[in-house]
Structures are given as structure tokens and as C-alpha cells.
Amino acid sequence: VTGTFTADTSCPALSSIRRQANPGNITIRPGTTYPLLGKNKRDATHYQIRIEDASPSSRWVGVACGRISEGISNSDRPLTDSDRNNPSQNSPGQNYVLAASWQPSFCETRLNKPECRSQTGDRFDATSFSIHGLWPRPVYCNVPRNIEQLDKDKRWSRLPELDLSPALRQELAIKMPGYQSYLHRHEWYKHGTCYSETPEEYYQETILLIDQLNASKVRTLLVRNLEKDITSQQVNQAFQDSFGAAGKVRISCKKVNQENLIDELKINLRGDINPRSNIADLLAAAPDVNNPGCRSGQVDSADD
């Protein structure tokens, strides 16, 4: 929806309705007019507005908190041929990228990293996708500047430790090998702070997604073709067969000893991610990738 929202009363400005998250404890000011971005459904309970000095700037406020001067509503206007051909453009929710690493390729040029020195052919990440990160659009939400600078300087071991349950910490250390190099701290402060209020929730739901990817024909395709080349068409067909959605993944490759190795999938998702989310729904709602990445690459195997 386009238009403006004028506040009648002081109300919290939420970054997430479901989580009731309010980074920075932002409230709207009575009498102040804000750009109107959308509403959560046709019979709205919340309006989405932009608050320029907030991070993230897109916030949700209750409909009773003010009044709107509404412009064009995407939900009310007639469907065009473009809408019918691109249904993801009309799907609610935030855009995300799930970055899933193929660790054997990653380690080919990073042999001194702890997670690479300890990698074996029978470890989880030798034949499964591992977590690089889950990335919403903004970064560093309400992160103190000194912490942000530590992260940007790659001094991740000096970042504050995360409050994670023992069970989650143990699982994360397996499914995110970079945990040994403090990747989990980096990903939380740069990306997770814009996703949820706690690292526990951020990583629980990231693991939910990586588990679904690893239970699919996408992982099977790579495991059955170790030390062989596969094409982007094969990868997209595996996404189609498993989730009913192709064209949502960018394949990242790197050159090692004249071989083009697949080292990561960057997967577009869209929607409200929660503990019951089905990755097929998030893929169906997501926009297609602008750049599909490398056309073919070799699936590297771990060196014992």
C-alpha cells in the first residue's frame, strides 16, 4: 500500500508482529506522519510504515494507533498478466537468502582453518550442506559500533559469546563447521540481529531450513556425483523435484587447480519463517535469482 500514516497515539513500532520484536524500543509520536508501506492483510490489524531513524526502518503499528491516507493497494488492484506470471511479487513477508556451503570445496583453499584441519570423509559436512548463514536484507541491527567494527575486522573470537542452549550449541557445531572459527558469532551480529531477538531462535530456524535442504534430492544429487561435474540445470531440477520451485538458487563456484568447484548455494526465500515453516512454501514465494551463477561445477569430496 502507498500513502501516509499519521499517528494519533504513542504505540510500539514492531519489526515483527509474530515475535513482537521492537529493536531499539521505537515508538511512534502522536501527530507525526510516516510513509505507508503496506498492511498485513486485507482486513488489516497492522500497518507497515517507514521510520527513517529506526533500524530496521520498516515497522508495524496497530491500526488503532493512527489513521491512513491510502494510495494504491497492491491487494485491491486488478491482477495484471505480470502478476499472474510472477506470483512471488505479491507474496507477503520478508526476503531472505539461505547460504548453504559445500564444505569440502570451501576447505580446498583454507586448509589452515580449524574446521578444515579437522575435516574427515565421515564427518557430517563431508556429504551434507552446512550452514553459512540466513540473511535478511538489513545488517547490524542495534549492534554497538565497537562490536560491529570487531566483526568487520574479522576479529570474531573477540566478539561477545552467544547465549545458546547446550543442545543447540552442540548441534550448531556439527551443522556449521565454521563454528570452530567463530562464524556463528559473526553471522549473529551481522545478520541474526536483524532476524530475531535471540541467537537461539535465529539458529533454531536456520537449522530447520538446512535440515530440509539436506533431506532433499538436492543433497542426493551432489552426494551421488562426488568428484564429477553437475550442471545448474540439474541443481534446479532437483529443487523442482523436491520443492516444486526452480530458478531460486544462485550456484557459487571457485577455481582450484583448474577445476571449477561448487562451494555454495545461495537460495532465495520469502515469507515469515517460524518453527513450522516448510521450505517449499518459502521457495515458492521467493523471487527468481537475477544471476544463476556458474553453469556447471565439480562436486568436491573431503580429503581424509
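A quick note: this is a predicted structure, and the numbers were derived from the prediction, not measured.
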* To do: Taking the six-membered ring for Trp and the single ring otherwise, decide whether the centroids of W135 and Y96 are under 6.0 Å apart.
  => no

Counting only heavy atoms not in [X] (residues, nucleotides, ligands), do more than 12 fall under 6.0 Å from its [atom1]?
| X | atom1 | answer |
| --- | --- | --- |
| R145 | CZ | no |
| D163 | CG | no |
| R137 | CZ | no |
| R110 | CZ | yes |
| N290 | CG | no |

* Structure fact -> Which of T206, L209, L98 passes side chain to side chain contact (heavy atoms under 4.5 Å, CB included) with I273? It is L209

* Walk me through it: do W102 and L261 pass the test side chain to side chain contact (heavy atoms under 4.5 Å, CB included)? => CA-CA 9 Å; W102 192 254; L261 303 182; over 6 Å; no

Considering all heavy atoms of both residues, which atom of [X] and which atom of [Y] are nearest to each other, and what is their separation?
| X | Y | value |
| --- | --- | --- |
| G121 | A302 | CA-CB, 4.1 Å |
| L183 | Y203 | O-OH, 4.3 Å |
| A126 | P104 | O-CG, 3.7 Å |
| S101 | E264 | OG-OE2, 3.1 Å |
| G24 | N142 | N-ND2, 3.6 Å |
| P287 | K248 | O-CD, 3.8 Å |

[X], [Y]: one ILVMFWY side-chain cluster at the under-4.5 Å cut-off?
| X | Y | answer |
| --- | --- | --- |
| I17 | I68 | no |
| I267 | L208 | no |
| Y202 | W156 | yes |
| L37 | L14 | no |

* To do: I would like to know whether R29 and S10 meet side-chain hydrogen bond (donor to acceptor under 3.5 Å, both in side chains); could you show each step before the answer?
  => CA-CA 5 Å; R29 300 175 182 177; S10 179; over 6 Å; no

Determine whether the side chains of [X] and [Y] contain a donor N or O and an acceptor N or O closer than 3.5 Å.
| X | Y | answer |
| --- | --- | --- |
| S301 | E227 | yes |
| S296 | N260 | no |
| D153 | Q149 | yes |
| S105 | K254 | no |
| Y47 | N40 | no |
| R123 | S118 | yes |
| Y179 | R169 | yes |

* **Side-chain (Q234) to main-chain (T231) donor-acceptor, under 3.5 angstrom** => yes

* Asked: Among E205, E201, Q94, whose side chain to side chain donor-acceptor pair (under 3.5 Å) with Y195 holds?
  -> E205

* Can we say R19 and E197 salt-bridge, meaning some charged N sits less than 4.0 Å from an Asp/Glu carboxylate O? -> no

* Would K152 and E148 pass as an ion pair if we require N to O under 4.0 Å? -> yes

* Step-by-step salt bridge (charged side-chain N to carboxylate O under 4.0 Å, His left out) determination, D125 to K175 -> CA-CA 7 Å; D125 56 285; K175 296 178 179 178; over 6 Å; no

* What do the steps show when you test I230 against I262 for side chain to side chain contact (heavy atoms under 4.5 Å, CB included), and what is the final call? -> CA-CA 9 Å; I230 60 173; I262 295 175; 3.6 Å; yes

* side-chain hydrogen bond (donor to acceptor under 3.5 Å, both in side chains) between N268 and R250, worked out -> CA-CA 8 Å; N268 281 0; R250 183 179 186 275; over 6 Å; no

* Hey, does the Lys NZ or Arg CZ of R50 hover above the aromatic six-ring of F5, less than 6.0 Å from the centre and inside 45° of the axis? -> no

* **Derivation of the side chain to side chain contact (heavy atoms under 4.5 Å, CB included) call for Q48 and L36** => CA-CA 6 Å; Q48 188 181 41; L36 179 65; over 6 Å; no

* To do: For side chain to side chain contact (heavy atoms under 4.5 Å, CB included), just list the numbers for D8 and R67, CA-CA rounded to whole Å, side-chain angles, deciding distance to a tenth of an Å, and then say yes or no.
  => CA-CA 7 Å; D8 290 331; R67 58 193 185 279; 2.3 Å; yes

* When rounded to the nearest 0.5 angstrom, what distance separates CG in L221 from CD in Q237? -> 10.0 Å

* Asked: Can you check side-chain hydrogen bond (donor to acceptor under 3.5 Å, both in side chains) on T33 and T4, steps first, answer last?
  -> CA-CA 6 Å; T33 297; T4 59; 5.7 Å; no

